[in-house]
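These numbers come from a predicted model, not from an experiment. Within every chain, numbering begins at 1; the chains are lettered A, B, ... in the order of the sequence lines, protein sequences first and strands thereafter.
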Amino acid sequence: MSSAPEPAAFRYIGKQRRTKEDPRFVTGRGRYVADIALPGMKHVALVTSPHASARIKAIRTEAALAMEGVHYVLTGEELCANVDPLLVGVDTPKVVRYPLAHGVVRYAGEWIVAVVADSRALAEDAAEKVEIDYEPTPYVLDPEQALLPDAVLVHPDHGSNVLYRRTFTWGPVAEDFAHSQHQLSFRVHWGRSATVPIETFGVAAQWHPGTQLLDIWASIQMPKFPDQTARALRLPGNAVRVHFDVDVGGSYGVKRGIKHTVLVGYLAKRLGMPVRFIEDRLENMRGGDMHGPDRIFDMTAAFDGDGTIRSLKIRALDDVGAYAGRSPLQLGKPVGAIVGPYRINSVEYEPISVLTNKTAQEAVRGFGQAPTNYAIETAIDRIARHLGMDRIELRRKNFIAKDQFPYLIPSGSTYDSGDFEAVLDKALDAAKFDDLVAARDAAREAGRLAGIGIATCLEPSGGNSAFEPLFNPKNETTTWMDSCLVRVDLSGAITGVMNTSTSGQGHETLVSTVLGEVLERDPDSIRVVHADSLNALPSNSPVGSRMAIMLGGAAAGAAKKIKAALMAIAAHNLGVPEAALEYRDGNISVGDDASKSLSWDQLVEIAHRKFHKLPPGLEPGLQAKFVWEVPTGGGLPTADGRIQMYPCYSFEAHIVLVEIDPLTAQPKILDYVCGHDCGTMINPAIVHGMTYGGIAHGIGAALYEKFAFSDNGQLASQTFMDYLMPSAMEVPGIEIVDHCTRSPLTEFGQKGSGEAGYLGAPAAIASAINDALAALGKSVDELPMTPLAIWTTLQGESSK
Amino acid sequence: MSERLYKVRLKVNGKDVEAEVPSRQTLVDFLRDTLRLTGTHVGCEHGICGACSILLDNEPVRSCLMYAVQAEGCSVTTIEGLSNPDGTPGVLQDAFCEMHALQCGYCTPAMIVASHALLESNPAPSEAEIRDAIGGNLCRCTGYKQIVQAVQLAAENIAKGAK
Ligand code: FES
Ligand code: FES
């Protein structure tokens, strides 16, 4: 078990404390990329493809270039000759992706020409003057058709539309199926939605010819962003400086504007002028390449009459759109929690990543885990229904028990800790489950449609990149470190330096709380800054619910080094061994003897000014860095594809009551409880906020949000009038119940929570809708479960 | 061809402003780019997300759906005008900090503008009234709960005499 202290033993961790970041935002003093105004800055607008697939026959730019205030018109021909292609996560060298199309377009909305002008309005005017001749070509939109041998090829040189496909067999699948009393198969479809932050992606760049340095300000949340930018621009890494102190207006995974940045970086260097591009909402929705997973699951479960689930077969067909960055890897991350919270002995998993003529896919909160959780939880509900067993009992029967941790799952990951029963119990209590059932049944008796949803899901956290070598043997990335630098200055004030940008996760609060905890100094007095990429220690950015673990751990590690230096100084000057010393609030004394003590200020002064009092060998000044690898990380996959994915496993139990209006088929969420266990919470208000937000996002994915395409490949949901995000009217007053199973792998017992709520909410809401429809022998098997989908199902024949 | 400019006179956060603007410049672009009041944000430019909300003669409006010239003679209040005169957070802003009613902060100024307008007209709103008042403002981070709680807290604090 963990040696981490109980939360009550902490001074600042786990306490209700205000965040460091909020004051600047509530007064309108955030500094987002659109607030960066560089002298002489020019603006970009884009010409985009009206066709899902076409050959570009000619581009005429003269009229645009002739306009006053227009500085440049860039085509793919020039750009592709001068930059290198953007990286792809799997081994598909012929699937080439550049910021602008060259020769052909592969989806409607793809960027073709960039116009640079004195203002965005002028750039838009000029973009309208660019003439392009197209020859429309055949396209493929359906991922199943894209797999057929005679399918239209999105990238003909690649030879097929399949980016990645492999069948993994973990454990005795055939035997488990042969010995099971029951089998059940079904198909569910997770529709194409995304995180859609309220701030679109934006980037500003400035080239300094004198120093040969490219400065970048971007709304970014992306691992290896400076490195990938430099590579594509054919610059050494130290010629690109990314300013991580730009506030990011939400991301939840998708702010990976690498193509935007390469485009703008190229323009800034080429023109010798500062250039900025802020996507408008249309550019963002169609060509921002930020759509999320679009995944068809074919599931088969093998189980016994008593509810014991023995084995699962999962085929997951993911439509990534016309290009790939890291998107195929979103099928890889769920390998680390492929059996959910259940003791399932064996799994066959066939992930298939397929190209179609649609907007490209990007990382979305959970990196593919939320769709997988939806498929697994649907299986649990269906098995219960098949056996006539209570859904909760079935879950309890198959839960990994609290005393079985650490628990190795068939696909090679070890779950660190958990107490699933306790969290579920707390959620059921908080929901007053019996009352909920009574309310549902009363609604049904009154002739209304009502259902209760249940989902018990894992949130793997402490993100690493183990899916990279799993899906691409040529990629041997096993390092996924993060870091923190801590300085105590001559005045005794503490500064923590973090090495990535923040998009709402409260990292400044995280770092200051942890530093304050270890050094016993008031977090309010601690400043946290974001280094730029040339000053930064290594970081892999806040992906995969990792920062409480990785940045929190790095801050603790650095603070402990500071503390050790102070202890060494005190021992040397007080003439006693360190073991005789007591550290309290930053002051150090020999026991309680006030005459034998050194205050924080005195210790700091010795470190900075009094070399003659410094113990031999100790570095002067008072600073420490700590860089560390994700705990349990570092291994390559076995030949059969077993690997330790993320280290820590948070858990969430959702209970939801939904009523469906029988006339409009509009679902309404009447009650929502989420039991949540992410170990020790560093700042509960931040964890709760992210969980509420994750649930709200999950409600969107489950009921409203969809990037729908018309039959001719046009994105039908291009605005917030057709891509419907839940407002305060759709999101109910959610109740969260906390539980704390400390992780044995982290400094304070913390786990991650950045993806909390979203990983279970869609499954829970789908479960509720189908509980309501099951009374009529019907089900909806695709997200989002829109009123139209529910209404159509209600009108149709009973499926049973 | 340079664009023809039109004179516009208005009050912004209590100060008189006079400027020459192109007829097609939106009010939000004028506030952000010309006056450099960057606390007002842009999320959609088509009137749905509410991130650009400001007070126009004390009513919350979407500044992306108005031209700057249409604000002629009007009084505009942005988030910058809702802080205390010394720049510290006002009651509502303070309540947002207390309840952590935000994460990335992008929707926040507009949420505060919408909530401010509500509390001006209804000092003791119910939860349903709060949800209704912020129903035209999308937040992708918070799931709205802590925002509702912040507005409730601000209402209580104002009732107790906080300014
Ligand atoms: S920017 Fe004005 S409503 Fe979205
Ligand atoms: S706080 Fe990020 S959108 Fe509301």
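- Looking at B:Arg140, its side chain does come within 3.5 Å of a backbone N or O of A:Thr195 through a donor-acceptor pair.
- Contact tally against chain A (heavy-atom pairs below 4.5 Å) for B:Ser83, B:Cys141, B:Pro109: the top residue is B:Cys141.
- At a 4.5 Å heavy-atom cutoff, B:Asp29 makes no contact with chain A through either its backbone or its side chain.
- Note on B:Ile147, B:Ile79, B:Ile130, B:Leu82: by heavy-atom pairs under 4.5 Å with chain A, the leading option is B:Ile79.
- For A:Glu21, no part lies under 4.5 angstrom from a heavy atom of chain B.
- When heavy atoms are compared at a cutoff of 4.5 Å, A:Ile198 approaches chain B by way of both its backbone and its side chain.
- Neither the backbone nor the side chain of B:Asn137 comes within less than 4.5 Å of any heavy atom of chain A.
- For chain B, no part of A:Ile278 is nearby; none of its heavy atoms comes within less than 4.5 Å.
- When heavy atoms are compared at a cutoff of 4.5 Å, B:Glu98 approaches chain A by way of both its backbone and its side chain.
- Evaluation of the salt bridge (charged side-chain N to carboxylate O under 4.0 Å, His left out) rule for B:Glu80 yields no partner, not counting sequence neighbours.
- Between A:Asp22 and the choices B:Gln93, B:Gln103, B:His100, the side-chain hydrogen bond (donor to acceptor under 3.5 Å, both in side chains) rule is met once, by B:His100.
- Interface summary for chain B: among A:Phe25, A:Tyr692, A:Tyr252, the most heavy-atom pairs under 4.5 angstrom belong to A:Tyr692.
- Put simply, the side chain of A:Arg281 reaches to within 4.5 Å of the side chain of B:His46, judged on heavy atoms.
- You'll find the side chain of A:Ser727 reaches within 4.5 Å of the side chain of B:Leu138, heavy atoms only.
- Within the model, atoms SG of B:Cys104 and NZ of A:Lys255 stand 7.0 Å from one another, a figure rounded to the nearest 0.5 Å.
- Note on A:Gly28, A:Gly693, A:Ala728, A:Pro197: by heavy-atom pairs under 4.5 Å with chain B, the leading option is A:Ala728.
- Of the two parts of A:Pro726, the backbone and the side chain both hold a non-hydrogen atom closer than 4.5 Å to a non-hydrogen atom of chain B.
- For residues 60-78 of chain B, heavy-atom neighbours of chain A at less than 4.5 Å comprise no residues at all.
- A donor-acceptor pair under 3.5 Å links the side-chain atoms of B:Lys145 to the main chain of A:Ile734, judged by distance alone.
- Proximity to chain A at a heavy-atom threshold of 4.5 Å picks out B:Arg32, B:Arg36, B:Thr38, B:Gly39, B:His41, B:Val42, B:Gly43, B:Cys44 from residues 32-44 of chain B, in numerical order.
- For the set A:Glu730, A:His697, A:Arg17, the count of heavy-atom pairs under 4.5 angstrom toward chain B peaks at A:His697.
- Counting heavy-atom pairs under 4.5 Å between each of A:Gly69, A:Gly30, A:Ser119, A:Pro732 and chain B puts A:Pro732 at the top.
- Inter-residue side-chain proximity for B:Ile112 and A:Val26 is flagged as met; some heavy-atom pair is nearer than 4.5 Å.
- At least one donor-acceptor pair closer than 3.5 Å links the side chain of B:Gln146 to the backbone N or O of A:Ala685.
- The two residues B:Gly143 and A:Ala696 have their closest heavy-atom pair at CA-CB, 3.6 Å.
- The line from CE of B:Met99 to CD of A:Gln16 is 8.0 Å long, rounded to the nearest 0.5 Å.
- Not one N or O on the side chain of B:Tyr106 forms a donor-acceptor pair closer than 3.5 Å with the backbone of A:Ser503.
- The choice from A:Arg120, A:Arg18, A:Met690 that makes the most heavy-atom pairs within less than 4.5 Å of chain B is A:Arg18.
- Between chain B and the residues A:Met729, A:Arg29, A:Glu199, A:Met67, the most heavy-atom pairs under 4.5 angstrom are made by A:Glu199.
- Proximity to chain A among residues 6-28 of chain B is limited to B:Arg24, judged by heavy-atom separations below 4.5 angstrom.
- For a residue to count as touching a neighbouring chain, one of its non-hydrogen atoms must lie under 4.5 Å from one of that chain's; by this rule A:Asp35 touches chain B with backbone and side chain alike.
- In this structure, no portion of A:Tyr672 lies under 4.5 Å from any heavy atom of chain B.
- Residue A:Val731 touches chain B through both its backbone and its side chain, counting heavy-atom pairs closer than 4.5 Å.
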